[in-house]
S.K.: 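Have a look at this one.
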Amino acid sequence: MSLLNPPFSKMATPSKDYDFSSIEPKWQGYWASNKTYEAKDFVDQPTFYVLDMFPYPSGAGLHIGHPEGYTASDALKRFKKAQGFNVLHPMGWDAFGLPTEQYAIKTGTHPAITTKQNVANFTKQLTELGFAYDWNREVNTTDPGYFKWTQWIFMQLFKKGLAYVDEKPVWFCPDLGTVLANEEVLNTPEGPRSERGSFPVERRPIRQWVLRITEYAERLIAGLKDLDWPDSTKRLQENWIGRSEGGEITFDVSGHDAQLTVFTTRPDTLYGATYMVIAPEHPLVESITTEENKAAVTAYQEKAKSKSDLERAELAKEKTGVWTGATAINPVNGKAIPIWVADYVLMTYGTGAIMAVPAHDTRDFEFAKEFNLEITQVIDDNDSASKETSGALMEPYTGPGLLINSGEQSGKDSESAKNAIIDQLAADGRGKATVNFKLRDWLFSRQRYWGEPFPIVWVSKEDYDKADDSLKSVERPVSCEIEGQLRFALALPEAELPLELPVVESYTPSPDGQSPLSKAGEWLHVYVDPQTGATSTETRDGWLTGIRETNTMPQWAGSCWYYLRYVDPKNTEALIDPEKENYWGTPDLYIGGAEHAVLHLLYARFWHHVLYDLGVVSDPEPFKKLFHQGIILGEDGEKMSKSRGNVVNPETIIADYGADALRLYLMFLGPLEAMKPWNTKGIEGIARFLRKVWRLIVDPDGNVSANIGDGQLDAETERVLHATIKKVTEDYTELGFNTAISQMMICINQLSKAEALPKTTVESFLQLLAPLAPHQAEELWERLGNSGSIVEAGWPKHDESKLVKDTVKIIFQVNGKYRGDTELPADVTKDDAIAAAKTNERVQSFIDGKTIKKEIYVPGKIVNIVAV
RNA sequence: GCCCGGGUGGUGGAAUGGUAGACACUGGGGACUUAAAAUCCCUUGGCCGCAAGGCCGUGCGGGUUCAAGUCCCGCCCCGGGUACCA
């Protein structure tokens, strides 16, 4: 055999049988040149938009995880197209990103060049898997024609007052001279270290852009309600946003003209507040700490600063803290209570200060025990909490109950006391009901080269006043200190977009953590027309002196809205044409990994809500229906990774078995949403199935099999065929590919037994197979004498009447146990079925001499006789 | 700790409250072949039995039901997410 046999090939397929290595490229070329899967705007057909999470085109190429979700969407696309939908199934590249930039730092290769090569490689690999995307709609986040609109969206956020600048602590590694993302920092016994090189890292406050996602928190929670998403993902987002209702209460600090405001969800426990805690970073620490306590407090603050969040959490078991020496006055009972500093209180949540109620809060209880602080019970536990003989609590009681030791509030139940106490405080302006969110504003800048530049120019206060309002965030001007000078942010005019990245000599951030763009002198310094915002490198009369923003946007930016751009990818006038937006709507289905359950999906929803407010899109929610494909594990059941050496490479599988086999096998492994181990041996069964299909239609000489013609199908085979059409259609609709494939296996086993096969029968079968094994299906479709793509032939329909059997198998049970069965007419009556059961010998032997208590007949299925 | 998933043969998995193990993989036996590949047939949850057949069996313990892998209650184990959110 001519193809025998590359040394590493497991291929066992003679070319005569099914030569996928030539058939597959043939059809890939056919779909491309015939634009079989081109999505046409405004065609009078129902539309279906299926969206994949687009990949980051890494140098490593595709791994087996990519084809899993992509096979599902490709199959669904082909299925929907055959059913007569105008299908939009595009692909693109989330191409800004760290690895490309690091490669640039190492080799000096411009990231755009690397990106281009990687995209070419990914495109080739995706094509070889038979994914027929509408490449006319390809988008690339690094393409200026694309990021022009990413920048445009940012500009709208800026003008709406949803963007601001703040000094936020970020991880910085002096040895690497770079800012690191949280996930690039490891927690080691020696303290936080860089993942690469294991150098010490520290938190440094660096100027950052921040987006006010928290202003949309309420809407982002409310919007979840009507989404067809996995419940677990919805809950994850809900918890992430973390809405909690409570109140703010203001305490006076004794001996100071200062107040301490805390957030609490339990205002009902206010009488039990026996001390207060403020975060080490709290601004009041310096002013209220007494002389005697200064040294200890400062030392504690220093220690807290060097701890990572992770350490702070891990060391949580043992509570630490120091007293400031100051006290506060509990507004309801006038009691003076000590103010402590402790890192179990986070500056980033609420007000950075709490009232501690040790009797009714686990953390406060632990802390009070550690430092011997007073514990006053104010909610009656109804004797449910364990106590010492003295009556003191041995554990905090966090449940509801009646108030005790609470002055005039005593006797109220805790639920109604929450409002009552807040109302009481509100009367003197010491409290109000508030809602707090765990969600924090979105840190939206990176000190990197390979990202979208911000369309922002910084100018002095005087110049800012001269500039036209259309360039400003009018309601909330954005300002900050740059190089010791107070500066204000102006947006570029739309005509200046896209603002492209300058050519730089080095992609490494500067030693102080500034972006590489800060060294691009010519690009950096500009003059600005105060009226239009136009920029120039040369000054003109009355123009303002500005410097550009040197941070770049994070990778999330480009992926926040790409699904909109697919609808109108080449539009230079607008982000999206409203008529096209209206025609296609938002994706009917979004398939992607659960690892993006929170961040990507939340950020994209936020932007979409903003675009909705701006009138750019007609619906506030972008992803109505979401599906998470599972993860393919290595053969050892562990996560695939190079270090474990259990990585399965799709290219090798295609070389050995073909893309159709890989696609089918990926879907056959188990439910799409499940986490499942790869098993290379298992693919044999799929390869066998495909060969069987081939042999059913093509004889050993390569001609159409002699038994295919216009013969008559026997009744049982016909029943199986129609059952298969029905099941496969239902399963595809719900992405139940594994069971659809089983059913097709059952069908092919039945068909291979049939003596005569009408051509239409095998054609129907091929139509069912085509979404998953498109190459082979097209090839056989053609060999059967058809022209055009199989997808154009529509989708087979089952005939319910062919499914009806004349007889049904009735199971006989005695006391719920199987004791026999028989074929009976499908319309058998209850009495006849029971009578038949009683004549069965085995049934008789189990009911003989017993009293029949009950007889149950489940029509068409079961007779159960209860006898004792 | 909290929040999600999930525990079914040697393996991946299937099963609107109605014969548990479909469909595959692996293993065993056989046919074809000089041989191999490919293909086809039989067999493949455990125990007992020559057989007919019987008993047990879906993580564990209870419960509801004529009937429970499926529903309810209480646990155990595994995987993922999250981390003092006041």
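Within every chain, numbering begins at 1; the chains are lettered A, B, ... in the order of the sequence lines, protein sequences first and strands thereafter.
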S.K.: Among B:rC84, B:rU19, B:rC23, which nucleotide has an atom closest to any side-chain atom of A:Q813?
M.R.: B:rU19

S.K.: If the C1' atom of B:rC32 is compared with that of B:rG53, how far apart are they to the nearest Å?
M.R.: 37 Å

S.K.: Mind checking the P distance from B:rG21 to B:rA38? Whole angstroms is fine.
M.R.: 30 Å

S.K.: Using the P atoms only, state how far B:rG27 lies from B:rU11, rounded to an integer number of Å.
M.R.: 15 Å

S.K.: For the side chain of A:N749, starting at C-beta, report the closest nucleotide among B:rU19, B:rC55, B:rA24.
M.R.: B:rA24

S.K.: Let me spell it out: for each of A:K854 and A:G242, pick the nucleotide of RNA chain B with the closest heavy atom. Which residue's pick is nearer the 5' end?
M.R.: A:K854

S.K.: What about A:W229 and A:F627, are their ring centers closer than 6.0 Å?
M.R.: no

S.K.: Syn versus anti for B:rG28, judged by chi lying within 90° of 0?
M.R.: anti

S.K.: Looking at A:S244, does any N or O in its side chain come under 4.0 Å of the phosphate oxygens OP1/OP2 on B:rA86?
M.R.: yes

S.K.: For A:S232, which contact category applies under a 4.0 Å heavy-atom criterion: base, sugar-phosphate, or nothing?
M.R.: sugar-phosphate

S.K.: Pick the P atom in B:rU34 and in B:rA24, then give their distance to the nearest Å.
M.R.: 30 Å

S.K.: Tell me whether the side-chain N/O atoms of A:R695 come closer than 4.0 Å to OP1 or OP2 in B:rC40.
M.R.: yes

S.K.: Would you say A:R235 places a side-chain N or O within less than 4.0 Å of OP1 or OP2 belonging to B:rC3?
M.R.: no

S.K.: Please report the shortest heavy-atom distance between A:A433 and A:I422, naming the atom on each side.
M.R.: N-CG2, 3.6 Å

S.K.: Closer than 4.0 Å, any side-chain N/O of A:K817 to the OP1 or OP2 of B:rC56?
M.R.: yes

S.K.: I need the CD-P distance between A:Q237 and B:rC4, as an integer number of Å.
M.R.: 16 Å

S.K.: Return the value, rounded to whole Å, for the distance between atom CZ of A:R440 and atom C1' of B:rA83.
M.R.: 11 Å

S.K.: Counting the benzene-type ring for Trp, do A:F20 and A:Y657 have ring centres under 6.0 Å apart?
M.R.: no

S.K.: Stepwise, does the ring-ring contact (aromatic ring centres under 6.0 Å, His included) test hold for A:F668 with A:F737?
M.R.: CA-CA 7 Å; A:F668 188 62; A:F737 296 109; over 10 Å; no

S.K.: Would you tell me whether A:T265 and A:E245 have side-chain atoms, one donor and one acceptor, within less than 3.5 Å of each other?
M.R.: no

S.K.: Applying a 4.0 Å non-hydrogen cut-off, can you work out what A:N738 is touching in the nucleic acid: base, sugar-phosphate, or nothing?
M.R.: sugar-phosphate

